[in-house]
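Structure record follows, encoded as C-alpha cells.
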Amino acid sequence: MSRVAGGSTEVNVGGLAGHVRVHNRHIIYVQGYDPRGLAQYYRMFRTELRKFARLYQLSSTIGRPQSSSDGEIASWTIQTKADGWQTHTTYDFLRFEDFIQRDLASPIWRTVFHAVFIYWRLVFNGTIARFTKANWRFATFITYPHFILLLEALCAAAFAFVFEKGLDALGVPTVLRVPAALALFVAALTSALKYTESRTYVLYLLCDWIWTWEFAHRQRPAWDERIDRFAAYLCKVARTSEADEIVLVGHSSGSFLGTEILARALKLDPSLGKRGPRVVLLTLGGNYPIVGFHKCAQHFRDHLRELAIEPSVDWIECQARKDVMNFFRLDPIASHGIHVGELRRNPTIIPVRFREMIRPEHYNLWRWQFFRVHFQFVMANELPHAYDFFMIVCGPVALRTRMCHPDTALVLATGDAEAREQAWKSLESATTGGANAADLSAMEPSARRSG
C-alpha cells in the first residue's frame, strides 16, 4: 500500500514494480477538448521533442504522421538514442477535433443560452457547490466565462440604454425605439464575444462546458461511437503489438475519455493486460468530476469502480497544484463516493511540481497563463526532473517502474556511466510490491507550499 502524498487515502500499488527496461513502446494519446487538432499538435510535439533532446543531450528523430483509413487516428514513430540505451516509440493520436470544431461553429446566441441554462441548473441542484468543495480553484475557473459574459452583457446593455434614451430625446415612439435598442444590445454583445474571444476564450469554454454536460448525460452518441472504436483499437494493439508496454495517455478532458476507452476495452477483451504488453493508463491534469459529479453519470462512476479494482492494468494519475484546470489532490475514486476497500488497486496519484521543471524567469512569465500551465503536462522540461513527459514517451524505463522510483530513473538520464549502472542495478533488484510513500511524495513536498 502507498499513501497519496499529503493526503490520507491509501492506494494499493502492488505490482507496479517488475518489468524495468523498455526498448519498444506504444503510446496512445487521447486529446482533451482542443479544436487545434493533428497539425498543430504534431508541430508542438516535434518542437518539444527537440527541446527534450537538447536538455538531455541525446538523439531523437521523429517520423511523419500517417493517418488511418477513416482519419480518426494519426500515428508517427520516434527513435531515441542515448549513451547506453535506445528506444523505439509508436505514437498514436486519437482525433476528436472534427466534433469540437463543429461545436465551436454553433451560432453564438445558441451557445450562450445553452451554457447559461446549464450553469444555473447546476447551481440550483448543488453540483457547482460540489465542485467548489472538491476544488475551489476549478470552480472559480468554470465560473470565469460566465462572469466575463455578464460583464460584456452589462456593457452592451448600457450602450443600448444610452441609444434608447437618445431615440427618446429625438421623439422616436416606444414601439420603434425599444426593438431598436434590443437589436443593438444583441449586436453589441455578439460582437464583443466574437472579437474578444482570442483573449477571453469565453465561447470556447462555454462550448466545453456544454459538451461535458451532454457527454455526462449520454447525449453525444457520435462521441460514444468513436470511443467504442478506439476501445476496439486498443484491444487490437494489445493483441498484435510487440511493444514492451502500452501507455494510454489522457490529458485534461482526455483523462475521463481515456478511462472510458480503457473500461470499454476491458469489456471487449477481459484478458487485456493479462497477456502481451503491460497496459498503463496515464492521466494528466484530470477533471473527472465535471462528468462524474452529475447524478445521471452512474455509467461513468461504474467504469471508475471497475478500473479501481482491475489488477491487470495500472492507472497513474498526475496532478499539479499550479494548474487550475485540474482537481489537485482529488482522489478520482473516493471523491465519487466509490468505496471498494481492500480490493482497490488504482489509481496511483502522483503530484507534479511545475516550478521545479521550468527555469524561474520563464515560470514567472507564464504562471498566470492558465492554458500554458495546463499544457506543461505534455511539454518538454527546461530542467531535468523526475516527471518528464518526453522521458515517459521515449525513455528506457517502464512507466510503472519510473513512477515507483522517480529519482533513480532520473539518474539514468543525468548521471555518469557509473551512476547509471548503479541505477539500473537498483531498479532491477527492486522488490515487487510497488513504491513507498516517500517515493510517491518526492515530486511535491507539501500541499501547503506555494505552487
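- By the 6.0 Å contact criterion, CD on Gln57 is open, its count of non-hydrogen atoms from other residues, nucleotides or ligands being 12 or less.
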Item to check | Worked check of ring pair (Phe, Tyr, Trp, His ring centres under 6.0 Å) between Phe52 and Phe389 | outcome: CA-CA 9 Å; Phe52 159 74; Phe389 178 70; 9.8 Å; no
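- Checking side-chain atoms of Arg329 against main-chain N and O of Pro351 turns up no donor-acceptor pair under 3.5 Å.
- Aromatic ring orientation, Tyr41 versus Tyr91: parallel (interplanar angle below 30°, classes split at 30° and 60°).
- Checking Thr283 against Trp315 by side-chain atom types alone, a donor-acceptor pair falls below 3.5 Å.
- Atom CG of Asn346 and atom CG of Leu281 lie 8.0 Å apart (nearest 0.5 Å).
- When Tyr204, Phe256, Phe99, Phe96 are each tested for a ring pair (Phe, Tyr, Trp, His ring centres under 6.0 Å) with Trp211, only one passes: Phe256.
- In this model, a donor atom of one side chain and an acceptor atom of the other lie less than 3.5 Å apart for Asp388 and Tyr56.
- Remark: Asp224 engages Arg264 in a salt bridge, criterion side-chain N to carboxylate O under 4.0 Å.
- Side chains of Tyr42 and Arg46 form a contact here, defined as non-hydrogen atoms less than 4.5 Å apart.
- In this structure a side-chain-to-backbone donor-acceptor pair under 3.5 Å is present from Gln319 to Leu330.
- Inter-residue side-chain proximity for Leu266 and Glu310 is flagged as met; some heavy-atom pair is nearer than 4.5 Å.
- A donor atom on one side chain and an acceptor atom on the other are not found under 3.5 Å apart for Thr212 and Tyr33.
- Counting heavy atoms from C-beta on, the side chains of Trp209 and Ile118 come closer than 4.5 Å.
- No side-chain N or O of Arg43 forms a donor-acceptor pair with one of Gln40 less than 3.5 Å apart.
- Annotation: side chain of Asp103 is in contact with side chain of Arg220 (closest heavy-atom distance under 4.5 Å).
- Phe113 and Trp109 have perpendicular rings, their planes meeting at more than 60° on a 0 to 90° scale where under 30° would count as parallel.
- Using a 4.5 Å heavy-atom cutoff, the side chains of Trp76 and Thr89 are not in contact.
- No hydrogens or angles considered: a donor-acceptor pair under 3.5 Å links the side chains of His374 and Ser252.
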Checklist entry - Does the pair Tyr387 and Leu284 meet the rule for a side-chain contact (heavy atoms from CB on, under 4.5 Å), with working shown? => result CA-CA 11 Å; Tyr387 176 87; Leu284 309 171; 3.5 Å; yes
Item to check | Full working for side-chain contact (heavy atoms from CB on, under 4.5 Å) between Leu262 and Leu307 | outcome: CA-CA 8 Å; Leu262 182 55; Leu307 293 180; 3.9 Å; yes
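- Between the side chains of His251 and Gln31, no donor-acceptor pair is found at a separation under 3.5 Å.
- Residues Glu245 and Arg278 are not paired through a salt bridge, judged by the lack of any N-O separation under 4.0 Å between the basic side chain and the carboxylate.
- Checked for salt-bridge contact, Asp331 and Arg344 meet the test: a charged N lies under 4.0 Å from a carboxylate O.
- Around atom CH2 of Trp366, more than 12 heavy atoms belonging to other residues, nucleotides or ligands sit under 6.0 Å away.
- Side-chain atoms of Thr196 and Glu152 form a donor-acceptor pair, as typed in the model, at a separation below 3.5 Å.
- For Phe163 and Phe185, the distance between ring centers is not under 6.0 angstrom.
- A cation-pi contact links Arg36 to Phe375, judged by a cut-off of 6.0 Å to the six-membered ring centre and 45° from its axis.
- Other residues, nucleotides and ligands place more than 12 heavy atoms under 6.0 Å from the NZ atom of Lys267.
- Put simply, CZ on Phe293 and NE2 on His336 are 5.0 Å apart, with the number rounded to the nearest 0.5 Å.
- A donor-acceptor contact under 3.5 angstrom links the side chains of Tyr288 and Glu317, judged on distance only.
- The aromatic rings of Trp368 and Phe370 sit perpendicular to each other, their planes meeting at more than 60°, with 30° as the lower class boundary.
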Checklist entry - Given Tyr29 and Asp92, is the side-chain contact (heavy atoms from CB on, under 4.5 Å) satisfied, shown in steps? => result CA-CA 6 Å; Tyr29 180 84; Asp92 292 331; over 6 Å; no
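- No more than 12 heavy atoms of other residues, nucleotides or ligands sit less than 6.0 Å from atom CZ of Phe161.
- Comment: Arg345 engages Asp314 in a salt bridge, judged by a side-chain N to carboxylate O separation of less than 4.0 angstrom.
- Using a 4.5 Å cut-off on side-chain heavy atoms (C-beta onward), Met357 and Val352 make contact.
- Tyr233 and Ser68 share no donor-acceptor pair across their side chains, judged by distance under 3.5 Å alone.
- Asn326 is listed as a side-chain neighbour of Phe377, based on a closest heavy-atom distance under 4.5 Å.
- Contact annotation: the side chain of Thr61 never approaches that of Ile78 to less than 4.5 Å [non-hydrogen atoms, C-beta and beyond].
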Next on the checklist: Please evaluate residues Val30 and Val249 with respect to the criterion side-chain contact (heavy atoms from CB on, under 4.5 Å), reporting the C-alpha separation (whole Å), side-chain torsions for both, the decisive distance (0.1 Å), and the verdict.
Outcome noted: CA-CA 6 Å; Val30 188; Val249 180; over 6 Å; no
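- Here the options are Ile316, Ile392, Leu248, the test is side chain to side chain contact (heavy atoms under 4.5 Å, CB included), and the partner is Val280; only Ile316 passes.
- When the shell of 6.0 Å around OH of Tyr144 is examined, it contains more than 12 heavy atoms from other residues, nucleotides or ligands.
- For the 3.5 Å distance criterion, the side chains of Glu260 and His303 qualify, holding a donor opposite an acceptor.
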